[in-house]
Number of protein chains: 2
Amino acid sequence: MATPLGEKIRDLRKAKGYTLDRLAELSDSSKSYIWELENKNPPRPSAEKIGKIAAVLGVTADYLIDPTDAIKVEDATDNAFFRKYREMDPTTKEKIRRMLDVLGDDE
Amino acid sequence: MATPLGEKIRDLRKAKGYTLDRLAELSDSSKSYIWELENKNPPRPSAEKIGKIAAVLGVTADYLIDPTDAIKVEDATDNAFFRKYREMDPTTKEKIRRMLDVLGDDE
DNA sequence: CAAAAAGTATCGCTACTCCGAACAAATATG
DNA sequence: CATATTTGTTCGGAGTAGCGATACTTTTTG
């Protein structure tokens, strides 16, 4: 009955020790609405709400929005790659990005 | 008349050379709605729409949502790229990494 | 235990999302 | 030029986000 979004919000909320009411007031929402996000499907919140909730819960909006259950495992190789990538000049970065777009086409 | 969100979307759309129609179809929206997001005051899109639009434009949803200019496009682009990279299969990631090594030689 | 707090659930309402389709402006093509 | 095509703009309306009110159940706390 719960959606990925709902579970993420509840887990994060619990982890921070917030009640529905508390999270609601921190994110300019109502208790009833937070509850609906956690329990009712399908939730279709506004970007603004998700942005505020994400900020309060200390995660990115992208994480909440992503419908997959993205188990994020820290990979040292990936992180090293990203650090290196970030130091490249803009045009090189652009090239790499396009490379990924192309390679990403075939599923 | 234009909001921060609207300007961001338009700038990114133009930079990619997309028409309203093209961006609309890539992000499962309508032409008229994309236009409203870019031009009308104040837009309050759903998280889902923003997520799709952000993905198509190669930035994070957080960048589009953030009303202040705290997040730089370049950072948002890099983060969106990294997120995409991490979801690739190992052999593709390997290819990208080697690509970066090659391009990093010069300069 | 009793009271307070937290969670569950529904309803009515207003304002807004998002679309299709028609219209206008711009640009391509002959 | 004319006009075909592509792009951008506008509008009406169906459906829904998100709130406050209310009421009930479960959990916490003293």
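Sequence lines set the chain letters: A, B, ... in the order given, protein chains first and strands last, and positions in each chain run from 1.
- Using a 4.5 Å cut-off on side-chain heavy atoms (C-beta onward), A/Asp62 and A/Ile65 make no contact.
- Side-chain contact between B/Val56 and B/Lys16 is absent, with no heavy atoms from C-beta onward closer than 4.5 Å.
- A/Glu36 places its CD atom 14 Å from the C1' atom of C/dG7, with the value rounded to the nearest Å.
- Counting atom types as modelled, B/Lys31 pairs no side-chain N or O with a base atom of C/dG20 as donor and acceptor under 3.5 Å.
- Shown for residues 8-30 of chain B: residues whose heavy atoms fall under 4.0 angstrom of DNA chain C, namely B/Asp28, B/Ser29, B/Ser30.
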What donor-acceptor contacts under 3.5 angstrom involve side-chain atoms of residues 43-54 of chain A, with partners at least two apart or in another chain?
unit_1	atom_1	unit_2	atom_2	d
A/Ser46	OG	A/Lys49	N	3.1
A/Lys49	NZ	A/Asp28	O	2.4
A/Lys52	NZ	A/Asp28	OD2	3.1

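- With hydrogens and angles ignored, the 3.5 Å screen pairs no side-chain donor or acceptor of A/Lys14 with any backbone N or O of A/Ile9.
- For the contact set between residues 44-65 of chain A and DNA chain D, defined by any heavy atom under 4.0 Å, the members are A/Arg44, A/Pro45, A/Ser46, A/Lys49.
- In this structure, the side chains of A/Met99 and B/Ile96 come closer than 4.5 Å at one or more pairs of heavy atoms.
- Defined by atom type and a distance below 3.5 Å, a donor-acceptor pair is present between the side-chain atoms of B/Thr68 and B/Asp66.
- Residue contacts for A/Pro43: at a heavy-atom cut-off of 4.0 Å it reaches no nucleic acid atom on any strand shown.
- Note: A/Tyr85 and B/Phe81 meet the aromatic proximity criterion, with ring centroids under 6.0 Å apart.
- For the pair A/Trp35 and C/dT8, the criterion of a side-chain N or O lying under 4.0 Å from OP1 or OP2 is met.
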